[in-house]
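Presented below is the structure to which this report refers.
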Amino acid sequence: MERVAVLDFETTGLSPQQGDRPTELAVTLVEDGRIVDRFQSLMNPQRRIPAFVTRLTGITDAMVAAAPPVGEVMAEAARFVGTLPVVAHNAAFDRKFWVHELQRLGLPASSPFACTMLLARRLYPECGSHRLGALAQALQLPPCGRAHRAMADAEMAGHLWSRIGADVASRFGVAPPGHALLRRLQATPRAQLQRCFAA
DNA sequence: TGCCAGGCCCTCTTTAGGGCCTT
């Protein structure tokens, strides 16, 4: 499979439009089913992290106080990702923070995003939950450490992306599918999947 | 403590409502 950048944000909340900002970003570069490179950094959001988010992620105000500012980390991450296509779990969430922060810096943010959650809903409807951790358990993906930390989740999503590619290749009898084909698949109603690959 | 937003998907739908998923 082609090289992609799988990313995961930890943030102060759900909406950059409401003032929420990233506290941590991890990126794994995945190629042919393997993680070939990694980027990770905490960042200082310059606002308090809600208590329930700290309970969820383990990331505290003290941890990010000593971290570089968001803009510095995002610029470095953008260089690391370059022109690679991007993958994330529930990509709509990560994409809005990626675009919002890069636009603040005046940097381009036009990378296409593929979503492992939308793909998993189509490919694994028998899974009761399509949360990242539940999918990793159901599909017996390799263990990745503490959930809800950026690198663990980026690695987990990378393994899920590789598994999805392998399953699409075997289920539909196609060569290892690329990012563009899987983006087309994630936007195709389940009942039309066979037609998608026959095209 | 649990909410915030927003896109997707399913159904008791389609001129809508509610659950899932991300932090």
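Naming: A, B, ... by sequence-line order, numbering from 1 per chain.
Annotation: side chain to side chain donor-acceptor pair (under 3.5 Å) contacts of A/Asp94 (sequence neighbours excluded): none.
Two residues, A/Ala187 and A/Leu56, neighbour DNA chain B, and the one matched to the more 5' nucleotide by heavy-atom proximity is A/Ala187.
Residue contacts for A/Leu14: at a heavy-atom cut-off of 4.0 Å it reaches a base atom on one of the strands shown. Backbone-only engagement by A/Asp8 is indicated by non-hydrogen atom pairs under 4.0 Å involving sugar-phosphate atoms exclusively. Residue contacts for A/Gln18: at a heavy-atom cut-off of 4.0 Å it reaches the sugar-phosphate backbone alone, with no base atom in range. Residue-level contact check: A/Thr57 touches the backbone only, with heavy atoms under 4.0 Å from sugar-phosphate atoms and none from bases.
The CZ-C1' distance, from A/Arg21 to B/dC4, rounds to 18 Å in whole Å. Across the protein-nucleic acid pair, A/Leu160 atom CG and B/dT22 atom C1' stand 14 Å apart, rounded to whole Å. When the P atom of B/dT22 is taken as reference, atom CG of A/Leu118 falls 12 Å away, rounded to whole Å. Rounded to whole angstrom, the span from the CZ atom of A/Phe9 across to the C1' atom of B/dA5 amounts to 16 Å. Straight-line distance from the CE atom of A/Met43 to the C1' atom of B/dT23: 13 Å, rounded to whole Å. Taking atom CD of residue A/Gln17 and atom C1' of nucleotide B/dT22, one finds them 14 Å apart after rounding to whole Å. The distance from atom CZ of A/Arg48 to atom P of B/dC4 is 22 Å, rounded to the nearest whole Å.
The distance from atom CG of A/Leu118 to atom CG of A/Leu182, rounded to the nearest 0.5 Å, is 12.0 Å.
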Which atom pairs link the protein and nucleotides 16-20 of chain B when you take only N or O atoms and keep those under 3.5 Å?
residue : atom : partner  : partner atom : Å
B/dC20  : O2   : A/Arg121 : NH2          : 3.2

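B/dG7 sits 30 Å from B/dT1 when the P atoms are compared, rounded to a whole Å. The separation of B/dC4 from B/dC12, taken at their C1' atoms, amounts to 29 Å, rounded to a whole angstrom. Nucleotides B/dG2 and B/dT23 have their C1' atoms positioned 13 Å apart, rounded to a whole Å. Annotation: B/dG19 and B/dT13 have their C1' atoms spaced 15 Å apart (nearest Å).
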Show me the donor-acceptor pairs, under 3.5 Å and distance only, between side chains in residues 103-110 of chain A and residues at least two apart or in other chains.
none

May I have the list of side-chain donor-acceptor pairs in residues 135-159 of chain A shorter than 3.5 Å, sequence neighbours left out?
residue  : atom : partner  : partner atom : Å
A/Arg146 : NH1  : A/Leu56  : O            : 3.3
A/Arg146 : NH1  : A/Thr57  : O            : 3.2
A/Arg149 : NE   : A/Glu24  : OE1          : 3.0
A/Arg149 : NE   : A/Glu24  : OE2          : 3.4
A/Arg149 : NH2  : A/Glu24  : OE2          : 2.8
A/Asp153 : OD1  : A/His148 : N            : 3.2
A/Asp153 : OD2  : A/His148 : N            : 3.3
A/Glu155 : OE2  : A/Arg38  : NE           : 2.8
A/Glu155 : OE2  : A/Arg38  : NH2          : 3.2

Without placing hydrogens or testing angles, list every side-chain donor-acceptor pair under 3.5 Å for residues 62-75 of chain A, not counting sequence neighbours.
none

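By the 6.0 Å contact criterion, CZ on A/Arg47 is enclosed, its count of non-hydrogen atoms from other residues, nucleotides or ligands being greater than 12. In the displayed structure, A/Arg95 atom CZ is contacted under 6.0 Å by at most 12 heavy atoms of other residues, nucleotides or ligands.
A donor-acceptor contact shorter than 3.5 Å links the side chain of A/His130 to the backbone of A/Tyr124.
Taking 4.0 Å as the cut-off between side-chain N and carboxylate O, A/Arg3 and A/Asp32 do not count as a salt-bridged pair.
The A/Asp153 side chain lies nearest to B/dT23 when the options are B/dT1, B/dT23, B/dT22.
Listed by residue number, the members of residues 88-99 of chain A with any heavy atom below 4.0 angstrom from DNA chain B are A/His89, A/Asn90, A/Phe93, A/Lys96.
Here the closest non-hydrogen pair linking A/Glu31 and A/Met1 is CG-O, 3.7 Å.
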